[in-house]
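Presented below is the structure to which this report refers.
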Amino acid sequence: MSGDQLQSQIGPVRRRRGSFRRLLRKPVGVGALVVLLALVALGLLEPVLAARSPVASDLAYTNTPVGTSGWLLGGDQFGRDIWSRILGSINVSLISALIGAGVGMIVGTVCGLIAGYVGRRTDAITSWVFNLLIAFPALVLVIVLYPVVGGTYQGMMAIFGIFLSTGIFRLVRNMVIIVRNELYVDAARVSGLSDLRIVGRHVLFAVRGPIIIASAFLASSAIGVQAGLAFLGLGSTQVPSFGAMINDAFLNLYRDPLQLVWPAGFLAVLAGALVLLGNAYRDVLAAPQTVARRQPAKAVRSTPNTAPVVGDHDALLSVRDLRVAYPMVDGSRREVVRGVSFDIRPGEILGLVGESGSGKSQTAFSVLGLLPRDAEVSAAALLLQGRSLTGLDRNGMRAVRRDLVSYIPQEPMANLDPAFTVGSQLVEGLRGRFSKQDAVTAVKRILARVGIPEPDRTFDSYPYQISGGMAQRVLIAGAVLATPKLLIADEPTTALDVTVQAEILDLLRDLQTEYGMGVLLVTHNFGVVADLCDRVAVMRDGELVEQGDVAQIFRDAEHPYTRELVGSILDEDTVRDDVPAQVEEHR
Amino acid sequence: MVVFLAKRAGAGIVLVFVVTFLAFLLTYGADIPVARNILGPSAAESDVALLEARLGLDQPVLVQYWSWLTSAFGGDLGRSYFTSEPVSAAMASRLPVTMSVVVVGCALMLVISCVLGVWSAVRGGWLDTVLQWVTTLTYVLPTIVLGIVMVFVFAIWLRVLPAIGYTSLTESPGLWLASVILPALVLAIHGVAGLAAQVRGSLVDELGKEYVRTLRSRGLSEPSIVLKHALRNAASPALTVFSIQFITLFGSSLFIEKIFALPGYGTYTYNSVVQGDLPAMMGVTLFSVLLVVVINLLVDIANGWVNPKARVA
């Protein structure tokens, strides 16, 4: 396999093509780039633009005001030309940036390549050393070593650069490990190219974007630190520096505050342009940002309708013409639930069946009011015990979830808060209705009820200390704790071992009879439906294609899709092998 | 947890040895003409040699390090070459100043970062964008520029706070706070950009997790979900960033002390390196590395508190 073929296999690389052109379309990026180039040009043109040496003083011009002939920005308290000193300082800053960021990049890249490539002990030792570097107060060591480097700013920047290399080191090392593993898979090692060359080439190609970004930040901090050191007075007076200028102007503050503005302003603009350029380039490289679901969605809207559809007021849950849509990146809307209507009577178990992406989970979460924030949900009627849920505000929905509807999730381990004990999470759900003591007793009783052998011990356990089957029992306990009228279970057995699945289904059936709850059971598995449900509703592509009694559907389903699903029960493994239905499945 | 902390403390002690040894090697081994600097250019060569012998500078570096290390264990860091003041006493007298600024700065940084981070994670939208811009802008201003702007605005223009100087806490808590609040704020603002972004980022991640949805399904209140559950889970990565920011902040305090004329480690460090006062330089090095070790241990303990899994590691 040739190097070029290999390159084409490393995915992220191709997407970066043209990133510089995209950067030029971002106003902040262009602005920062223009400012930076202008400053570099000023620095390069210093011999032409500077009227005199930046360190030469002419006492006749002490504190000369701005605009004096030949003294563009005036003179400082030692009679030095501020404009010439600014130009000189730009060059010193740029050299500092080059040394600091350069040393950081070279040290970080080389050590990262070696650590990631050689691995094992070399990696362990190198990583340990770099962790030390992160932990150490770099500035203190740079200052302490000031006499060692002969007091030159170049020497101090070289030392500082070593401390700056830590981020680059991690980046390169991790990338080497990824690429190396990919190469094993590709069996590219058989090719004539030597390993190190392949790894080096691919890694450097893959990390060049992040390295460019990082070096902008490194350059900015090198400039800031150099100025800070010069401000402290560490450095030769023969070297112009923003820091030294700021210090001089600071001492002269009451006499001529304007003298402070020039170095502080140029320093801020130079360091800022680098950071903003890095930021803009990072935005260009970053994938389009996904909208995180941070809050429960706004309440379900009523569908504007001239002839109002009335739900069944006697049903426990009555849903009419439920619609869920998401705005897409290109500005269009995508409807993932399209006009779904069904009822659940008190004490009835309705199975909601369909493939991944059919909209069944979306339907369930609409009832709970727990869809992502950007979901647009509407319904002609959404009645719970005859009371409309449409138009309820956040607190109203919260009360519904607290008192009437509860939820059993699919992945037990992901649905317990890892930072709190099992018991304390459950107790919290009862807060406000029971005293602390009563709530604890109630939770322990429920834990025993759902078949947990040592409720006291589980109560005090953290989620990572219990098994998946136990965790699912805990979640079921959490769901029935508040004696809800409606239980919504989203694939409650899918993530469990086959043996545990049957136990959990039995438990659900027992609890349903005991509490007389209505259940909305979301599943893809007709076996579970046959086992547990009274009625079944089949969804496909966001629509309900058929619903009816379980016995009738099994006997003679009308819709071909239902027949297909019923037929597949015979050969289907009860353990699902596709991706579990997630809220994101529709994106 | 105890085993874990003991391991971390052990690693910290190794760090102290490694860093002080390297610093000693580099500074004492750099052939800085210490005796010549003390006696001045006109002193006789024989006097210089005599003084070098008296200071032990004629001995091999390793021997010198060993004697420094053994007396350091007893709390004796030697005396300044130039003032003869014991280094440990000088460090102790300056400790309250620097630590006041750094600790108040860190507390401010933590509070501001959490408020901004949580706010922008929960609200999102335009507020998120505005906060990101504000934090970026404060970040791009170099610390010294920010410090000078603050002196200008609050002390010279508005005249609400003293521009310079330090009042000790025991003397007057009010004046103490007034004297450290501005420098602390400058340090805090610079650190806020990174920390707030971290808090926001990990909180957004946590709020997208399934357990949050399940907690909501039990009807928990939004403040409890965000502040008690999600924030606690988001704290681990934020704590790591905090410990790194603390160290950066301590370094920056050396610059800031000069702007506000605070008699802390900044001036002490500056004077010692300019003069080549080796014992004082080693004292500062030792103190900073000890500070790092202590902070990292505290962060580990805090991490064990927020993250039960870390307790068994």
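First the proteins, then the strands, lettered A, B, ... as listed; each starts at 1.
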Task: Heavy-atom contact with chain B under 4.5 Å, split by part of A:V405 - done: backbone
- [ ] Nearest 0.5 Å please: distance from the OG1 atom of A:T166 over to the CD1 atom of B:I244.
- [x] 8.0 Å
Open item on the list: Once rounded to the nearest 0.5 Å, what's the spacing between atom CD of B:E210 and atom CD of A:E411?
Closed with: 6.0 Å
Task: N/O donor-acceptor pair under 3.5 Å between A:R401 side chain and B:R216 backbone - done: yes
Open item on the list: If I take atom CZ from residue A:R398 and atom OG from residue B:S221, how far apart are they, to the nearest 0.5 angstrom?
Closed with: 5.0 Å
- [ ] Side-chain contact test, heavy atoms from C-beta onward, threshold under 4.5 Å: evaluate it for A:P147 versus B:M281 and give yes or no.
- [x] yes
Open item on the list: Can you tell me which portion of B:I144 sits under 4.5 Å from chain A's heavy atoms? Options are side chain, backbone, both or neither.
Closed with: side chain
Open item on the list: Counting C-beta onward and ignoring hydrogens, is there a side-chain heavy-atom pair between A:P409 and B:Y211 closer than 4.5 Å?
Closed with: no
Open item on the list: Less than 4.5 Å to any heavy atom of chain B: does that hold for the side chain of A:N395, its backbone, both, or neither?
Closed with: neither
Task: Option that, when pairs with chain B are counted at under 4.5 Å, heavy atom only, ranks first among A:G272, A:G224, A:A482 - done: A:G272
TODO: Check each atom of A:D403 against the heavy atoms of chain B and say whether the ones under 4.5 Å are side chain, backbone, both or neither.
DONE: neither
- [ ] Can you tell which part of A:Y407 gets under 4.5 Å to a heavy atom of chain B, answering side chain, backbone, both or neither?
- [x] both
Task: Reported OG-to-CZ distance for the pair B:S217 and A:F365, which is rounded to 0.5 angstrom - done: 8.5 Å
Task: Part of B:F255 within contact of chain A (heavy atom distance under 4.5 Å) - done: both
TODO: Find the one option among A:L481, A:V225, A:N247 whose heavy-atom pairs under 4.5 Å with chain B are most numerous.
DONE: A:N247
Task: Under 4.5 Å from a heavy atom of chain A, the part of B:N296 involved - done: side chain
Task: Top contributor to chain A contacts, counting heavy-atom pairs under 4.5 Å, from B:T214, B:T269, B:V284 - done: B:T214
Task: Residue pairs, two or more places apart or on separate chains, that pass salt bridge (charged side-chain N to carboxylate O under 4.0 Å, His left out) and touch residues 275-286 of chain B - done: none
Task: Exam field: side chain B:K209 to backbone A:A414, donor-acceptor pair closer than 3.5 Å - done: no
Open item on the list: Working to the nearest 0.5 angstrom, can you tell me the gap between A:L145 CG and B:L22 CG?
Closed with: 9.5 Å
- [ ] Please flag which part of A:F231 lies under 4.5 Å from any non-hydrogen atom of chain B: side chain, backbone, both or neither.
- [x] both
Open item on the list: Among B:V293, B:T267, B:I148, B:V14, which residue has the highest count of heavy-atom pairs closer than 4.5 Å to chain A?
Closed with: B:I148
Task: Pick from A:L416, A:L368, A:V269 with the largest number of heavy-atom pairs that fall under 4.5 Å of chain B - done: A:L416
TODO: Please look at A:P484 and chain B and tell me whether the side chain, the backbone, both or neither of the residue comes under 4.5 angstrom of a heavy atom of that chain.
DONE: neither
Task: Residue part contacting chain B, namely of A:L234, when any heavy atom lies under 4.5 Å - done: both
TODO: Using a 4.5 Å cut-off on heavy atoms from C-beta on, say whether the side chain of A:E428 contacts that of B:S224.
DONE: yes
Task: Pair A:Q425, B:H229: side-chain N/O donor-acceptor within cut-off below 3.5 Å - done: no
Task: Heavy-atom contact with chain A under 4.5 Å, split by part of B:V289 - done: both
Task: Which atom of B:P142 lies closest to which atom of A:A271, heavy atoms considered - done: CG-CB, 4.2 Å
- [ ] Could you tell me which portion of B:V149 (side chain, backbone, both or neither) has an atom closer than 4.5 angstrom to a non-hydrogen atom of chain A?
- [x] neither
- [ ] Against chain B, work out which of A:F242, A:F250, A:F420, A:Y146 has the most heavy-atom pairs shorter than 4.5 Å and name it.
- [x] A:F420
Open item on the list: Given heavy-atom pairs under 4.5 angstrom as the criterion, report whether the side chain, backbone, both or neither of A:F163 touches chain B.
Closed with: neither
- [ ] Select one option (side chain, backbone, both, neither) describing which atoms of B:L220 are under 4.5 Å from chain A's heavy atoms.
- [x] both
- [ ] Please look at A:L260 and chain B and tell me whether the side chain, the backbone, both or neither of the residue comes under 4.5 angstrom of a heavy atom of that chain.
- [x] side chain
Task: Engaged part of A:V129 at the chain B interface, taking heavy atoms whose separation is under 4.5 Å - done: neither
Open item on the list: Just verifying a value: how many Å separate B:E206 CD and A:D417 CG, rounded to the nearest 0.5 Å?
Closed with: 8.0 Å
Open item on the list: So, using ring-ring contact (aromatic ring centres under 6.0 Å, His included) as the criterion, who are the partners of B:Y265 when residues are at least two apart?
Closed with: B:F287
